[in-house]
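Structure first, then comments.
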2 protein chains.
Amino acid sequence: MKPTLQTVADAVGVSRSTVSNAYGRPDQLSPELRERILTAARELGYAGPNPTARSLRRGRAGAIGVLFTDVLSYAFRDPFAVRFLQGLSLAAERHQTGLLLIPVPDDPEAARAAVRNAAVDGFCVFCVAEGHPARQAIFERGLPVVGTELLAGDPEMLAAGIDEAAATRAAGMHLTALGHRRVAIVADMLHPAISPLGTVVREPSDVSYLGESERLRGYQQAWRKAGLDWDEVTIVNVRGNSREAGVEGAAQVLDRRDRPTALVAFSDVIALGTMDALRARGLRAGRDVSVIGFDDIPQAAEAGLTTVRQPATEKGRIAGELLLDPPATAEGRRVALPTELIVRASTGPAPDGRN
Amino acid sequence: MKPTLQTVADAVGVSRSTVSNAYGRPDQLSPELRERILTAARELGYAGPNPTARSLRRGRAGAIGVLFTDVLSYAFRDPFAVRFLQGLSLAAERHQTGLLLIPVPDDPEAARAAVRNAAVDGFCVFCVAEGHPARQAIFERGLPVVGTELLAGDPEMLAAGIDEAAATRAAGMHLTALGHRRVAIVADMLHPAISPLGTVVREPSDVSYLGESERLRGYQQAWRKAGLDWDEVTIVNVRGNSREAGVEGAAQVLDRRDRPTALVAFSDVIALGTMDALRARGLRAGRDVSVIGFDDIPQAAEAGLTTVRQPATEKGRIAGELLLDPPATAEGRRVALPTELIVRASTGPAPDGRN
DNA sequence: TTGAAAGCGTTACCAG
DNA sequence: CTGGTAACGCTTTCAA
């Protein structure tokens, strides 16, 4: 039989409470008694209080739930997501808390069950589509929920986010100011969750990820303001967030006779992929075709990629803090983080005339 | 007050057991009663049995522990690690289990505490150095532990691994067969955990990650056999597992007058970085300098990188299965996965004479 | 098909 | 500084 608190207590000849204190409240007993208890525990092979029992008693699971979907594992390929996760873990560490990745089955009922069974103190909604069955289940738990979208509908929801639309609006205006009028968007997750890949989505409100939706809206606003026809903007929806996806997405627009003079991507890795595609065709980013990314990952600087910078680790850290220590006031519950357009060599004046 | 099983039971006028059965054993009560209970629960805002209490009672935490260290978050940048994690989550999903990422503080005592407090059914030791304080704490928990190193010392340890030395031995022999005699190794995690970066490690047994150690040994064996002087092999230890690290590592050897004719890396991302470095110098991989990677990530094929293929997702999946359902026999507890040397364009005959 | 009772291993409170 | 007592919320026999 596995040793328990009681086992140790009996061995030392003290009560359970005292053994418990030896672990959780060292100041409640003499150092020497504590040492005696700890030694006895070691000898008995007792590894400390059972975390589950402790959780039950304390009313604190000691973990934050993060749904692990296909989308999220794609997202992990992006340095941005990994830094966000690191930020989250920073907050978690400070609160002696873990990050529970919850594998989400495809079957809707099983997905809901997975959420209901998760022993967590709150959820971080990261990469879960608006209509996903698990999403509703999350809210039904009645636990704190944090997201990365400031505009999320649910008033209960905590958020650490940026003004996505303002960010891409600035980027879009940067391009039109440079004279670009034939533009294309290359992005992942631009389709409604259910519909097949390739579905054309043009209206921001049709996009099932709120962040992506807002980014699309930002470009729409900027370009309409500059007099461009939104229907003429090429929108390419690629599968997955990766450099390769960027290469493929760019391929769909670069080989046309009237290829765009500017490409914008919704992540730096995709943008870097489009730059690869340019290079492969002997085109130069910033001269022949301008490129803008999103996130400002370290590689963006090296590649001279113009992009929207957002504080990745900080976003995760604040999300974690909000979750683990929710502010009382409504204003405190949504934290807006700054973004900045970082102009580098990948954007330049639109080339005149035909290519 | 939050509703509990009892609340629902009282509302419907049945006993706790019946409500419990409504959730966990639908066959134990009439469908109509079950429906009545579930409806009442929904109305009361009861989201289902408390996972922590259920865990305590069942004696099953419902999670696998994975230590989240700096090293691991670096590793996430590698598609290999992400696929391993996906495999792990596949097994977890099948067992209705989560993956608990445990942020590990720098302070040794705090690190041990983090391990002791984790509510898990077992640990997956991935990217935890041999001498790390948390590592010992893991074994003290007395829970199943799985690793990716077949040769791990502890006989209790489960493992899903490959014959690392055999894998790199084959790679090393491939190079010497092509006539290479001036070779270099570029790798991450080649230093003892404690010592500062830049420490020169040459003996495999000095490397604190068993897998890395064995890979080093494989090259040592292959090259010694071919008559090379191991002391003349350049070994570059880079920080982090990334393409950039590969670029920097390669830079340390490519600009020398007697630069090596072949470079081997311990991961594909680093190898791809070294190929970037070659390109930047107008050198061609496979003609001027041969390059070998490890893992065979998708990008390797595109880049024409010769590499050692290992089944990433499968490794994770099997690790998970071993942990969640440990085999009775000692032989069953260590699963060896196959590797294969995939020869592509990045390796070719050694160029003769001086560069 | 249902219910009563006995824990699962811990921690918090309060009296000594 | 120490120890008794009472939960924490659930599942699982076992008997009705």
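Each chain gets a letter, A, B and so on, in the order its sequence line appears, and its residues count up from 1. Since we're looking at a predicted model, the values are computed, not measured.
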Check: B/Ala22 main-chain N/O paired with B/Arg34 side-chain donor or acceptor under 3.5 Å
yes
Say you draw a straight line from CD1 of B/Ile318 to OG1 of B/Thr148; how long is it, rounded to the nearest 0.5 Å?
12.5 Å
Scan for side-chain hydrogen bond (donor to acceptor under 3.5 Å, both in side chains) pairs involving residues 134-145 of chain B, sequence neighbours excluded, and state none if there are none.
B/Gln136-B/Glu140
Could you report the tightest heavy-atom contact between B/Leu324 and B/Ala92, atom names first, then the distance?
CD2-CA, 4.0 Å
Of all nucleotides in DNA chain D with an atom under 4.0 Å from a non-hydrogen atom of chain B, which is the first and which the last going 5' to 3'?
D/dG9 to D/dT12
Taking salt bridge (Lys or Arg N to Asp or Glu O under 4.0 Å) as the test, write out the residues that go with B/Arg334, two or more places apart.
none
Does the plane of the ring in A/Phe80 sit parallel, tilted or perpendicular to the ring in A/Phe126? Use 30° and 60° as the thresholds.
tilted
For B/Tyr23, which residues count as a ring-ring contact (aromatic ring centres under 6.0 Å, His included) partner, sequence neighbours excluded?
B/Tyr46
Once you round it to whole Å, what is the distance between P of C/dG9 and OH of A/Tyr46?
10 Å
Taking only nitrogen or oxygen atoms into account, show me every contact under 3.5 Å that the protein makes with nucleotides 14-16 of chain C, one pair per line with its distance.
none

Over the length of the helix from C/dT1-D/dA16 to C/dG16-D/dC1, how much do the five-pair end axes diverge, rounded to 10 degrees?
30°
Collect all protein-nucleotide pairs involving nucleotides 6-8 of chain C in which both atoms are nitrogen or oxygen and the distance is under 3.5 Å.
from  : atom 1 : to      : atom 2 : distance (Å)
C/dG7 : N2     : B/Arg57 : NH1    : 3.0

Strand-adjacent residues in residues 18-42 of chain B, judged by heavy atoms under 4.0 Å from DNA chain D
B/Ser20, B/Arg25
So how far is it from A/Leu323 CG to A/Leu88 CG, rounded to the nearest 0.5 Å?
7.5 Å
Just jot down the side-chain contact (heavy atoms from CB on, under 4.5 Å) partners of B/Glu321, sequence neighbours excluded, or say none.
B/Ala91, B/Arg94, B/His95, B/Arg317
Quick check on contacts: within residues 111-123 of chain B, what sits under 4.0 Å from DNA chain D by heavy-atom distance?
none
Any donor-acceptor pair under 3.5 Å from B/Arg333 side chain to B/Met157 backbone
no
Take the protein atom CG of B/Leu5 and the nucleotide atom P of C/dA4, then report the distance between them rounded to whole Å.
14 Å
If I compare all heavy atoms of A/Cys127 with all of A/Val71, which pair ends up nearest, and what's the gap?
CB-CG1, 4.0 Å
Determine the contact category for B/Ser17: base if any of its heavy atoms lies under 4.0 Å from a base atom, sugar-phosphate if only primed atoms, P, OP1 or OP2 are that close, otherwise nothing.
base
A/Ser73: side chain to side chain donor-acceptor pair (under 3.5 Å) partners, not counting sequence neighbours
B/Gln86
Is the side chain of B/Arg77 donor-acceptor paired with the backbone N or O of B/Asn241 at a distance under 3.5 Å, no angle test?
no
For B/Leu72, does its backbone N or O pair with a side-chain atom of B/Thr69 as donor and acceptor, under 3.5 Å?
yes
Could you tabulate the donor-acceptor pairs under 3.5 Å formed by side-chain atoms of residues 49-58 of chain B, not counting sequence neighbours?
from    : atom 1 : to       : atom 2 : distance (Å)
B/Asn50 : OD1    : B/Thr52  : N      : 2.7
B/Asn50 : OD1    : B/Ala53  : N      : 3.1
B/Arg54 : NH1    : A/Asn117 : OD1    : 3.1
B/Ser55 : OG     : B/Pro51  : O      : 3.0
B/Ser55 : OG     : B/Arg60  : O      : 3.1
B/Ser55 : OG     : B/Ala61  : O      : 3.4

Calculate, to the nearest 0.5 Å, the distance between atoms CZ and CG belonging to B/Phe76 and A/Leu85 respectively.
6.5 Å
Do you know the tightest heavy-atom contact between B/Leu150 and B/Ala336?
CD1-CB, 3.8 Å
Rounded at 0.5 Å granularity, tell me how far OG1 in B/Thr39 sits from CZ in B/Arg36.
9.5 Å
